[in-house]
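Every chain is numbered from 1, with letters handed out A, B, ... down the list of sequences. All values below come from the heavy atoms of this structure, side chains included, with hydrogens, waters and symmetry mates left out.
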Amino acid sequence: MSDSAELYQALIMARSRQPRFAGPLATFDSQGTGDNPMCGDRVQVYLRRADTGVGHVSRGCAIMSASADLMAEAVAGKSAAEIAVLSTAFEAMVTSGAQDPALGDLNALAGVSGYRSRIRCATLPWSALADALADDGEG
Amino acid sequence: MSDSAELYQALIMARSRQPRFAGPLATFDSQGTGDNPMCGDRVQVYLRRADTGVGHVSRGCAIMSASADLMAEAVAGKSAAEIAVLSTAFEAMVTSGAQDPALGDLNALAGVSGYRSRIRCATLPWSALADALADDGEG
Amino acid sequence: MSLALQTDGFDIASIRADFPILAQKIYGKDLVFLDSAASAQKPRAVIEAMTHVMQAQYANVHRGLYFLSERTSDAYEGVRDKVAAFLHAASREEIVFTRNATESINLVAHSFGRALLRPGDAIVVSEMEHHANLVPWQMLRDAHGVELRVAKITDAGEIDWDSLAACFADGRVKLLAVTHMSNVLGSYTPASRLAAFAHQHGARILLDGSQAVVHRRVDVQAIDADFYVFSGHKLYGPTGIGVLYAKRDILEAMPPFMGGGDMIGSVSFARSTWAKPPHRFEAGTPAIIETIGLGAAIDYIEAIGFPAISAHEQILTDHALKILSEIDGLRLLGAAQDRGGVVSFTLDQAHAHDIATLLDRQGIAVRAGMHCAEPLMGRLGVTSTARASFGVYTTLGEIDALAVGLRRVQQMFS
Amino acid sequence: MSLALQTDGFDIASIRADFPILAQKIYGKDLVFLDSAASAQKPRAVIEAMTHVMQAQYANVHRGLYFLSERTSDAYEGVRDKVAAFLHAASREEIVFTRNATESINLVAHSFGRALLRPGDAIVVSEMEHHANLVPWQMLRDAHGVELRVAKITDAGEIDWDSLAACFADGRVKLLAVTHMSNVLGSYTPASRLAAFAHQHGARILLDGSQAVVHRRVDVQAIDADFYVFSGHKLYGPTGIGVLYAKRDILEAMPPFMGGGDMIGSVSFARSTWAKPPHRFEAGTPAIIETIGLGAAIDYIEAIGFPAISAHEQILTDHALKILSEIDGLRLLGAAQDRGGVVSFTLDQAHAHDIATLLDRQGIAVRAGMHCAEPLMGRLGVTSTARASFGVYTTLGEIDALAVGLRRVQQMFS
Ligand SMILES: Cc1ncc(COP(=O)(O)O)c(C=O)c1O
Ligand SMILES: Cc1ncc(COP(=O)(O)O)c(C=O)c1O
């Protein structure tokens, strides 16, 4: 079990159990959803554009909900362009396992690279965020 | 090649090259066809009921055309019931390889039992004959 | 793992020795394979039968007039006899080879569905069907205008007969398509009672035997099944081979599903005629090597014998239900009276994915997710479950290892 | 058989040693296997790859979160990359796994045909199609009201371009479905020219590459093929696995063929959504072991290299045409400029069946019959032919043995 500790490290357990950004925002401009039909995981992301505030409602595993919470923290106040860069770096990091200083706390998810079928859990919130960013508020 | 001699014995070669009952009859009461879609073999059998005269038009291998010719000879003058008995005995003989005194010259085809995929060639004329016997002349 | 290797009259040590993969280490731990319901491991006899065809006997079947082709055709067609005997079918012509249970059901939906059901007819499935026994009927509904009805299950995970009767009330149901054993809840359905019910109402019955056929003797004549399907790979056989059983008169009335070589009577540009069943439904070069592998799997199972297999799996399942129910916060799903070796559960503390990943690092393979039964998840009020399932090679010790592993997972999450 | 075991730059002795079956004796004679066009023999690398999965790595794919399932999924999906590279497809998503070429064509006829062709549209096939590339279109015609047209071939066994142009004249043709190499005449068709022609006329092109893919490098992008199909078992791989290549935009527009697990987006009783291609077209547990075997077959072929394979088979074919044409009363069928390693013939004295049986007793395996191309037999004015076909392991000596055998058959029949 000790090698699982690498994946399920303290930060991930803490953030999945006591998320800081859980729940829909009181006011938001757009919304996005991430679904994994293979397992039933679903995350909904709420976006307030003014300050890039993000809230999430996660129904799924610890990896997915911790990833959603760490994402919400990481993107706060960032521009769409900055988020795109971050998202690409995040995907590279969870795939390769190589930590990236630019990713800060998100690096807690590096361990997922050793668990091929779980990478999708970590990236699902980011797809939902991309979905929210693409949503022009009229859909 | 010597063991093939058992199958392609003199009587079979002779009857396929110089059949005695080839060609449609001048007058006949019914007709039957045997088709093997896997290889394109086809035999047509013409039946005159009065004396159970049979003629055949065979398009196929040596085994099939010799079998048709020997069959025509064997059934001449026989009743439908007698033919049914003969046909069953013939099928048993070509499947088992055990010669049957009741079959006379037809025993020349016993060797076909060693060639699984050729048994159908030997029995095709008999299916055509059954077809002709079932044909009430109105079809 | 040494615990209770031996259950009564069943030499589990020698059975385990027949499966080379069970000697593997996973992350340095003994492999505890508890996912046989997804696909079973293969005994040496199956591997060797497939290797033997390819090394010493291989050629295409049916059309070759030479030695290898004749031998291979005999071996291939011999498996048809074997499967007919295995299911106790009335004749070998009632056995059609497909890729898997999924294709078998699609074949029926397409050929029987489009040719013998009419717009306005209704089909009934249950709430606990695998997608394989739901989606093909939805596709038929959308293409052909039949109606699709869903019979409820009880909280215990059994057929709800009131609901079933209500589905049949208007007399429009022409087919009942239902699982013989749930891949999530483990419930066996009362196949012959369901068949009698369908027949009384003028409907045919299709039984999805993908799970059922692995654990107990199935007799399609005793059940009076119209259609019965299963996959080779869950029955310790290779992938790429499945079976459709259907009554002869139904097969005779069905048009082909796919066109090509081996399924024709004669072909001209204008028009083609079809071969008789079962060949009508087997277009193109079949899965020759895999069919022969399936034959070896059936021989293997028959040598152990279903009485012994069923008894062994009953002991395993009873033990699993008992030991897992002792874990706080573990919820077992389904409580059917009659069940096979499949147990689904959730933990309050951890999501099924996390359970599966953490067990994996202990060498324990279980499945987590929706098990291709998404609508059933909704019915059960969950989004996914973890599932342990058992085969001939499963030991009581492995089930104990699962319980220990689950407690460790809980510790991490508490 | 020692004669010319070595052709230039091609170590035939070592290749033959890779195929265990070639050491078999048939009726006490060396096996001379000249029926590779029906199905090729399997090299040790393929047998071992399949054995390895079953012994050390096996589990169901895609949905397992544990070690074995992840490894098996990687291996399975890795073959998709391999096949994409093999055909030079633009992306791995353009590769769909099926049972065989026959299923690939049926999939297209069903999904593309019913959804994207309209009643009144026309489909063109050639006179030299295998039943697999004719019967599915007849079935589509009868079910869906499209028209089926037949482009003639010349006496040499090549596409008759005047006839093809006439078929396209009214602008209603939406699909040209044509072989890339005839399994009877050996003719290669000019694939990229045919594709350009179809595209100029607003039609899509499907190429039946069952034979073509075995002998030469195929580049679907260079050809600009819309659909390309082949079977694993003719490419030295296992049975039970085939390939459909289709351009991405076409696959995206196509509805599923079969429904079940693994091909869905989400499922509810009311309605289901489909996964993206290629998974949309792969319902149920795939032929996992066989797909991995196909990967090993592709590696094996790529290691020899198509330049060497094509050169070797060219030498064999030239030799066969020369030596057989010297036999009195032997008629060679087809005389295409561009041909692969397949030679069909008839003897004046003996029927094809008799030829095959008599050669078999000399250890020589050839095919006799209509070769699943009944309408072509009519076009050629024959009811059946004998056919010899060559693979990487075929030697010039084996072709000489065939000629000797045929003379013996003639003696018996003279
Ligand atoms: C040209 C051609 N097309 C299609 C097929 C059908 O292949 P399969 O039977 O593997 O589906 C064959 C082989 O029999 C063939 O030679
Ligand atoms: C009850 C049930 N039906 C159908 C299937 C589908 O089987 P396959 O994927 O082999 O077609 C499965 C297995 O996944 C199953 O458990």
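Interatomic distance, C:Thr102 OG1 to D:Met263 CE, rounded to the nearest 0.5 Å: 10.0 Å. For the atom pair CZ of D:Phe67 and CG of C:Asp360, the computed distance is 8.0 Å after rounding to the nearest 0.5 Å. The distance from the CG atom of D:Leu68 to the CG atom of C:Leu31 is 5.5 Å, given to the nearest 0.5 Å. Atom NZ of C:Lys234 sits about 6.5 Å away from atom CG of D:Asn60, to the nearest 0.5 Å. To the nearest 0.5 Å, atoms CD1 (D:Ile47) and CD1 (C:Ile47) are separated by 13.5 Å. Atom CD1 of C:Ile289 is separated from atom OG of D:Ser39 by 7.5 Å, given to the nearest 0.5 angstrom.
Looking at D:Pro255, neither its backbone nor its side chain comes within 4.5 Å of chain C, counting heavy atoms on both sides. Within the 4.5 angstrom heavy-atom criterion, no atom of D:Ala23 approaches chain C. If you measure heavy-atom distances from D:Gln55 to chain C, the contacts under 4.5 Å come from both the backbone and the side chain. Interface residue C:Asn106: only side-chain heavy atoms are found under 4.5 Å from chain D. Both the backbone and the side chain of D:Ile288 come within contact range of chain C, judged by heavy atoms closer than 4.5 Å. Heavy atoms of C:Ala109 lying under 4.5 Å from chain D are absent altogether. Contacts of D:Glu129 with chain C are absent, with no heavy-atom separation under 4.5 Å from either backbone or side chain. Using a 4.5 Å cut-off between heavy atoms, C:Ala143 does not touch chain D at all. At a 4.5 Å heavy-atom cutoff, the contact between D:Arg114 and chain C is made by side-chain atoms alone. When heavy atoms are compared at a cutoff of 4.5 Å, C:Gln57 approaches chain D solely by way of its backbone atoms N, CA, C and O. Within the 4.5 angstrom heavy-atom criterion, only side-chain atoms of D:Val150, from C-beta onward, approach chain C. Neither the backbone nor the side chain of D:Ala373 comes within less than 4.5 Å of any heavy atom in chain C. Contact of D:Met54 with chain C is made through backbone and side chain together, with heavy-atom distances under 4.5 Å. Residue contact with chain C, scored on non-hydrogen atoms closer than 4.5 Å, involves the backbone and the side chain of D:Leu65 alike. For C:Met370, no part lies near chain D; criterion is any non-hydrogen pair under 4.5 Å.
Residue with the most contacts toward chain C among D:Ala101, D:Ala270, D:Ser231: D:Ala270 (heavy-atom pairs, distance under 4.5 Å). Taking chain D as the reference chain and counting heavy-atom pairs below 4.5 Å, the highest number among C:Pro20, C:Gly369, C:Pro375 is found for C:Pro375. Of the residues considered (D:Ala40, D:Ala365, D:Gly363), D:Ala365 shows the highest number of contacts with chain C, using heavy-atom pairs under 4.5 Å. Chain D forms more heavy-atom pairs under 4.5 Å with one residue of C:Thr285, C:Ile26, C:Val366, C:Ile105 than with any other, namely C:Thr285. Interface check for chain D: of the options C:Ala38, C:Gly240, C:Gly259, the most heavy-atom pairs under 4.5 Å are formed by C:Gly259. Counting heavy-atom pairs closer than 4.5 Å to chain D, the top residue among C:Thr357, C:Asp35, C:Leu22 is C:Asp35. The choice from D:Phe19, D:Phe33, D:Phe257 that makes the most heavy-atom pairs within less than 4.5 Å of chain C is D:Phe257. Ranked by non-hydrogen atom pairs under 4.5 Å with chain C, the options D:Ala356, D:Gly242, D:Ala287, D:Gly378 are led by D:Ala287.
Within the 4.5 Å cutoff, side-chain heavy atoms of C:Glu127 are placed close to those of D:Phe269. At a threshold of 4.5 Å between non-hydrogen side-chain atoms, the residues C:Ser69 and D:Arg367 count as touching. Within the 4.5 Å cutoff, no side-chain heavy atoms of D:Pro136 are placed close to those of C:Met258. Side-chain contact between C:His110 and D:His110: present, with at least one pair of heavy atoms (C-beta onward) separated by less than 4.5 Å. Taking 4.5 Å as the limit, every side-chain heavy atom of D:Thr239 sits out of range of all side-chain heavy atoms of C:Thr291. Using a 4.5 Å heavy-atom cutoff, the side chains of D:Glu290 and C:Pro238 are in contact. When side chains are defined from C-beta on, C:Asp142 does not count as touching D:Arg271, because their heavy atoms never get closer than 4.5 Å. Residues D:Tyr58 and C:Gln24 form no side-chain contact, since every pair of their non-hydrogen atoms from C-beta on lies 4.5 Å or further apart.
Between D:Arg99 and C:Thr98, the shortest heavy-atom distance links the atoms NH1-C, 3.8 Å. Counting all heavy atoms, side chain and backbone alike, D:Cys372 lies closest to C:Gly261 at SG-CA, 3.9 Å.
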Worked check of ring-ring contact (aromatic ring centres under 6.0 Å, His included) between C:Tyr27 and D:Tyr66: CA-CA 11 Å; C:Tyr27 303 114; D:Tyr66 53 86; over 10 Å; no

With side chain to side chain contact (heavy atoms under 4.5 Å, CB included) as the test, would you mind laying out the steps for C:Glu48 and D:Thr51 before giving the verdict? CA-CA 8 Å; C:Glu48 280 172 3; D:Thr51 306; over 6 Å; no

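At distances below 3.5 Å, not a single donor-acceptor pair connects side-chain atoms of C:Asn100 with backbone N or O atoms of D:Pro286.
If you run side chain to side chain donor-acceptor pair (under 3.5 Å) between D:Ser272 and each of C:His131, C:Glu374, C:Gln138, only C:Gln138 comes through.
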